[in-house]
Amino acid sequence: MRIACGAPGRGLILFLCIVLLPLTAVSAGNDRSKERLAMVTEQIVARGVKDPVTLAAMREVPRHRFVPLVQAASAYDDRPLPIGHGQTISQPFIVAYMTETIQPGPGKKILEIGTGSGYQAAILAAAGAEVYSIEIIPALADSATQRLRKLGYAAVRTRAADGYYGWAEHAPFDAIIVTAATEFVPPPLIEQLKDGGLMIVPVGSPFFMQTLMLVQKTGETTTSTSLMPVRFVPFQRAE
Ligand code: SAH
């Protein structure tokens with residue numbers, strides 16, 4: 001009798017475990033907006049990023065959808081994360097700082113070198129900019145393109161190529177953001193900056209710390225300012 005009574009109980013528990021619990025987990029885990037808002041307050045605003053457009057984009061874009069599934073729980077940690085092929089998605093603060101520095105917004109045309117996961121490109125798009133992004137590893141270029149499309153950032157134009165040469169067909173750009181460490185600023189990128197344009201780029205040896213540089217172009221003159229020490233994956237060249 002006990003066993004007969006217990007059977008529906010077990011069935012109900014099984015139903016709860018198999019059907020309802022995973023559903024709850026999925027809906028609770030999908031959005032992660034609490035973690036994202038905490039990331040912006042504790043890691044980004046706390047370190048001095050103020051631009052409202054940048055902060056709104058950082059609050060909006062679901063960073064956990066840009067990292068491999070096994071990294072999703074760490075997506076809002078205060079550090080870079082591996083995204084496969086030996087590459088990384090930058091620390092949230094660095095993404096916000098670089099975004100704020102190049103002043104994205106509606107009507108701005110921005111070129112990114114190093115699409116990686118597509119996260120920085122999505123942040124620039126969420127800030128209202130027209131975004132062009134180049135990635136040298138074809139598999140990453142493909143997956144980032146699909147991800148951007150799926151998450152509603154289909155307007156980002158992507159290309160699998162060596163970003164050293166920029167994207168001449170769409171030049172000049174209001175801003176260029178390079179997310180891999182280069183020993184010198186590629187001359188084609190300077191050429192493709194608008195008069196008055198801004199470029200942010202980590203410059204230095206790939207084996208040590210690099211310096212995040214702000215390059216400003218005014219007429220024929222370019223000026224460079226050192227912003228902060230950083231560590232990025234190396235800028236690669238096509239064979
Ligand atoms: N911005 C990315 C992170 C980039 S990691 C994000 O938000 O996820 C740096 C990326 O630059 C890597 O994916 C690397 O493959 C790419 N890269 C390195 N050298 C490059 C080059 N010459 N042209 C284009 N992409 C390059």
Side-chain angles (χ1 to χ4, degrees), residues 36 39 44 54 57-58 60-69 71-72 74-77 79-102 104 110-127 129 131-148 150-151 153 156-168 170 173 175-190 192 199-207 210 212 230-239:
R36 195 156 52 251
M39 166 192 87
I44 296 171
T54 300
M58 298 296 298
E60 174 193 312
V61 178
R63 182 172 163 95
H64 63 285
R65 304 287 298 272
F66 288 82
V67 300
L69 216 52
Q71 299 285 353
S74 310
Y76 297 97
D77 290 0
R79 61 188 167 103
L81 290 173
I83 54 168
H85 303 269
Q87 308 305 318
T88 55
I89 180 174
S90 302
Q91 179 191 12
F93 166 70
I94 292 292
V95 173
Y97 180 83
M98 291 176 81
T99 304
E100 176 179 64
T101 305
I102 57 167
I110 300 186
L111 174 67
E112 178 192 29
I113 309 300
T115 315
S117 68
Y119 178 65
Q120 174 73 73
I123 291 287
L124 295 169
V131 185
Y132 297 83
S133 185
I134 304 178
E135 169 56 53
I136 201 167
I137 300 176
L140 282 177
D142 277 359
S143 55
T145 305
Q146 284 173 29
R147 182 176 298 118
L148 287 163
K150 202 163 107 191
L151 296 176
Y153 303 100
V156 173
R157 302 276 298 269
T158 54
R159 180 182 189 183
D162 181 352
Y164 181 93
Y165 302 102
W167 199 333
H170 298 290
F173 298 97
I176 299 179
I177 178 167
V178 182
T179 63
T182 173
E183 295 195 41
F184 61 94
V185 181
L189 298 185
I190 296 176
Q192 292 176 23
M199 173 166 18
I200 192 159
V201 48
V203 180
S205 161
F207 307 107
Q210 304 101 28
L212 196 57
V230 284
R231 182 133 212 190
F232 275 80
V233 294
F235 193 96
Q236 301 171 34
R237 296 303 316 278
E239 314 261 293

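All ligand and atom numbering here is 1-based and tracks the order in the structure. If you read the sequence from its start, that first residue is 1, and numbering goes on from there.
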### Query
So, the side chain of Arg231 versus the backbone of Phe207: is there a donor-acceptor pair under 3.5 Å, distance only?
yes
### Summary
Scanning both residues in full, the closest heavy-atom pair of Ile44 with Ala96 reads CG2-CB, 3.6 Å
### Message
Please find the pair of heavy atoms, one from Ala181 and one from Phe232, that lie closest to each other, and give the distance.
### Response
N-CB, 3.8 Å
### Task
Please state which part of Ala161 comes within less than 4.0 Å of ligand 1, counting heavy atoms only: side chain, backbone, both or neither.
backbone
### Query
Backbone N or O of Ser90 within a donor-acceptor pair of the Thr88 side chain at under 3.5 Å?
no
### Query
Short N/O distance, under 3.5 Å, between Leu140 and ligand 1?
no
### Query
Does Ala144 have a non-hydrogen atom less than 4.0 Å from ligand 1?
no
### Message
Between ligand 1 and Ile136, is the shortest N or O to N or O distance under 3.5 Å?
### Response
yes
### Task
For Ile113, take its heavy atoms, then give the atoms of ligand 1 lying under 4.0 Å from any of them.
23 (N), 24 (C)
### Query
Any idea which atoms of ligand 1 are less than 4.0 Å away from a heavy-atom of Ile137?
15 (O)
### Task
Just jot down the ligand 1 atoms closer than 4.0 angstrom to any heavy atom of Tyr119, in number order.
7 (O)
### Message
With heavy-atom distances below 4.5 Å as the criterion, would you say the side chains of Val61 and Phe66 are in contact?
### Response
yes
### Task
Look only at the side chain of Glu135 and the backbone of Ala161, and say whether a donor-acceptor pair between them is shorter than 3.5 Å.
no
### Message
If I apply the N/O under 3.5 Å rule, does Glu112 come out as touching ligand 1?
### Response
yes
### Summary
Candidates Ala141, Gly114, Gly84; heavy atom nearest atom 10 (C) of ligand 1 found on Gly114
### Task
Give the atoms of ligand 1, by number and element, whose distance to some non-hydrogen atom of Gln120 is under 4.0 Å.
1 (N), 7 (O)
### Query
Just distances here: any N/O of Asp162 and N/O of ligand 1 closer than 3.5 Å?
yes
### Message
For the backbone of Arg159 and the side chain of Ser133, can you confirm whether one donor and one acceptor N or O come within less than 3.5 Å of each other?
### Response
no
### Side chain Thr179, main chain Gly114, donor-acceptor under 3.5 Å
yes
### Query
Side chains of Asp162 and Phe235: closer than 4.5 Å at any heavy-atom pair?
yes
### Query
Any heavy atom of Glu135 sitting closer than 4.0 Å to ligand 1?
yes
### Task
Under 4.0 Å, heavy atoms only, figure out whether ligand 1 is touched by the backbone of Ala238, its side chain, both or neither.
neither
### Summary
If we number the atoms of ligand 1 from 1 as shown, the ones under 4.0 Å from a heavy atom of Ser117 are 6 (C), 7 (O), 8 (O)
### Query
Is a side-chain N or O of Glu112 found less than 3.5 angstrom from the main chain of Val131, in a donor-acceptor match?
no
### Task
Tell me which protein heavy atom sits closest to atom 23 (N) of ligand 1, plus the residue, atom name and distance to 0.1 Å.
Gly163 N, 2.8 Å
### Task
Could you establish whether Ala121 and ligand 1 come within less than 4.0 Å of each other, counting only heavy atoms on the residue side?
no
### Message
Before you tell me yes or no, could you show the steps for Thr145 and Thr158 under side-chain hydrogen bond (donor to acceptor under 3.5 Å, both in side chains), namely the whole-Å CA-CA distance, both residues' side-chain angles and the distance that decides it to 0.1 Å?
### Response
CA-CA 6 Å; Thr145 305; Thr158 54; 2.8 Å; yes
## Note on the structure
Note: Ile176 and Leu189 closest approach over all heavy atoms is CD1-O, 3.3 Å
### Query
What is the closest protein heavy atom to atom 22 (N) of ligand 1, and at what distance does it sit?
Gln236 O, 2.6 Å
### Query
For ligand 1, which atoms have a heavy atom of Thr115 less than 4.0 angstrom away?
1 (N), 2 (C), 6 (C), 8 (O)
### Query
Which ligand 1 atoms, with their elements, are less than 4.0 angstrom from a heavy-atom of Pro234?
18 (C)
### Message
Please find the pair of heavy atoms, one from Arg157 and one from Trp167, that lie closest to each other, and give the distance.
### Response
O-CZ3, 3.7 Å
### Message
Among all protein heavy atoms in this structure, tell me which lies nearest to atom 12 (C) of ligand 1, with the distance rounded to 0.1 Å.
### Response
Gln87 OE1, 3.2 Å
### Task
Could you tell me whether some N/O pair between Thr179 and ligand 1 is separated by less than 3.5 angstrom?
yes
### Query
Just which atoms of ligand 1 are under 4.0 Å from any heavy atom in Val233?
5 (S), 9 (C)
### Query
ligand 1 and Thr88, any nitrogen or oxygen pair closer than 3.5 angstrom?
no
### Query
Are Arg63 and Tyr76 in a cation-pi setup, meaning NZ or CZ lies under 6.0 angstrom from the ring centre and within 45 degrees of the ring axis?
no
